[in-house]
Visitor: 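Here it is: the structure, laid out below.
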Amino acid sequence: MDFAQSYGPWALVTGASSGLGERYARALAARGLNLIVIARRKERLRTLAEELHTEHGVQVDVVATDLLKARSMRAIEEAVEGRELGLVVCNAGFGASGRFHELDRNRQIDMVRLNCEAPVRLLHALSPYLIQRGHGGVIMLASTASFQCTPWMAVYGATKAFDLHFAEALTVELGLHGIDVLSVCPGHTATEFHEVAGVDRSATGGAPADPTEVVEQSLRKLGHKMTWTHGARNRWMSFATRLAPRSISAWIAGKILHKRLN
Ligand SMILES: NC(=O)c1ccc[n+]([C@@H]2O[C@H](COP(=O)([O-])OP(=O)(O)OC[C@H]3O[C@@H](n4cnc5c(N)ncnc54)[C@H](OP(=O)(O)O)[C@@H]3O)[C@@H](O)[C@H]2O)c1
């Protein structure tokens, strides 16, 4: 089966209004998949939908919704109803950089809800569609922050560790039903993420990865790997983290991330 047969005819992408989500929408449309694109910024989604329809002749349905609101799940389920869904990309997420006790409490709780609770709700609602078909895929946006704690981004790293463990477990569970689940772990990538998180980009060290490249490479790993980390340096770091005592990994991560405080 080619990509569209395996993971089409419909794919759903959360956080498609910018960054990696937008690149997933573009890459999947180029592979002939119809799309349900989700984020809060409606105009951006509409412009993207029109562009992808014109360029690739695919149907793109816009669901402009806030995934932190309970009603968003209803809107998503209505959009999926009657569509043969083959791929779910759990991408929407954000981070916050700073001293844990000084960061806004509600924003950190929202981060847990968007990065962790929303994928749980989404996949609990949508997995039955995939299971019914007997084939399909899930892509979970984890991070290199999933592999060790992240001082000065304490909550963010914890949410990404959750995403990684959750998706890896589903690789096994949903794999029994013919569904491929891939956890994608990018490092520093050129999106709106750092601006939203308040990370000082000048201190991130090295050029950020191109989001299109991250997305294209990850799509080639779907169905072949459980977890994929972008970039040889990031792969080496995540491997070394596993070998080192956790206290050393925490200390090194703290040294690196402290420099990025605004
Ligand atoms: N960029 C990196 O360096 C990097 C590295 C590792 C992992 N990641 C992960 O990659 C994923 C995508 O991030 P990105 O880098 O592409 O950042 P981004 O450009 O800021 O995109 C985040 C997306 O999430 C959506 N979003 C945020 N809050 C939402 C809400 N309440 N409801 C619905 N949608 C919401 C945003 O759309 P609206 O604002 O329109 O709602 C946007 O489309 C995240 O899970 C992030 O943790 C990023």
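All ligand and atom numbering here is 1-based and tracks the order in the structure. Every value quoted in this text rests on a predicted model; they were computed, and no experiment measured them.
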Visitor: Should T65 be listed as contacting ligand 1, given a heavy-atom distance under 4.0 Å as the test?
Guide: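 A heavy atom of T65 does come that close to ligand 1.
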Visitor: Given that the side chain starts at C-beta and the backbone is N, CA, C, O, which of these parts of F94 lies under 4.0 Å from ligand 1, counting heavy atoms, or is it both or neither?
Guide: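 Answer for F94: neither.
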Visitor: Under 4.0 Å from a heavy atom of H188: give me the atoms of ligand 1 that qualify, with their elements.
Guide: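 Checking each atom against H188, I get 3 (O).
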Visitor: Could you tell me if R83 sits above the aromatic ring of Y129, with its cationic atom closer than 6.0 Å to the ring centre and no more than 45 degrees from the axis?
Guide: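 Checked: cation-pi criterion not met.
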Visitor: I need the nearest protein heavy-atom contact for atom 8 (N) of ligand 1: residue, atom name and distance, please.
Guide: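 Answer, as residue, atom name and distance: Y156 OH, 3.8 Å.
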Visitor: Please check whether R41 reaches ligand 1 - meaning an N/O of the residue sits under 3.5 Å from an N/O of the ligand, judged on distance alone.
Guide: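 Right, the criterion is met.
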Visitor: Between K160 and ligand 1, which residue portion shows a heavy-atom distance shorter than 4.0 Å: side chain, backbone, both, or neither?
Guide: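 Looking at K160 and ligand 1, just side chain atoms fall under 4.0 Å.
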Visitor: Apply side-chain hydrogen bond (donor to acceptor under 3.5 Å, both in side chains) to the pair R23 and T212, showing each step before the final yes or no.
Guide: CA-CA 6 Å; R23 300 320 196 280; T212 303; 3.3 Å; yes
Visitor: Say whether L67, considering both its backbone and side-chain N or O atoms, lies within less than 3.5 Å of an N or O atom on ligand 1.
Guide: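 It does: an N or O of L67 is found under 3.5 Å from an N or O of ligand 1.
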Visitor: Under 4.0 Å from a heavy atom of S18: give me the atoms of ligand 1 that qualify, with their elements.
Guide: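 Within the 4.0 Å cut-off of S18, ligand 1 contributes 18 (P), 19 (O), 21 (O), 42 (C), 43 (O).
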Visitor: Nearest 0.5 Å please: distance from the CG atom of L164 over to the CE atom of M226.
Guide: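 Spacing of CG (L164) from CE (M226) equals 7.5 Å.
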Visitor: Short list, please: which atoms of ligand 1 are under 4.0 Å from a heavy atom of G19?
Guide: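 Per the distance check, 16 (O), 19 (O).
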Visitor: Just jot down the ligand 1 atoms closer than 4.0 angstrom to any heavy atom of D66, in number order.
Guide: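 Counting atoms of ligand 1 from 1, those under 4.0 Å from D66 are 30 (C), 31 (N), 32 (N).
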Visitor: Do W236 and W228 sit in the same hydrophobic cluster, where Ile, Leu, Val, Met, Phe, Trp and Tyr count as joined when their side-chain heavy atoms come under 4.5 Å apart?
Guide: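 Not linked; separate clusters.
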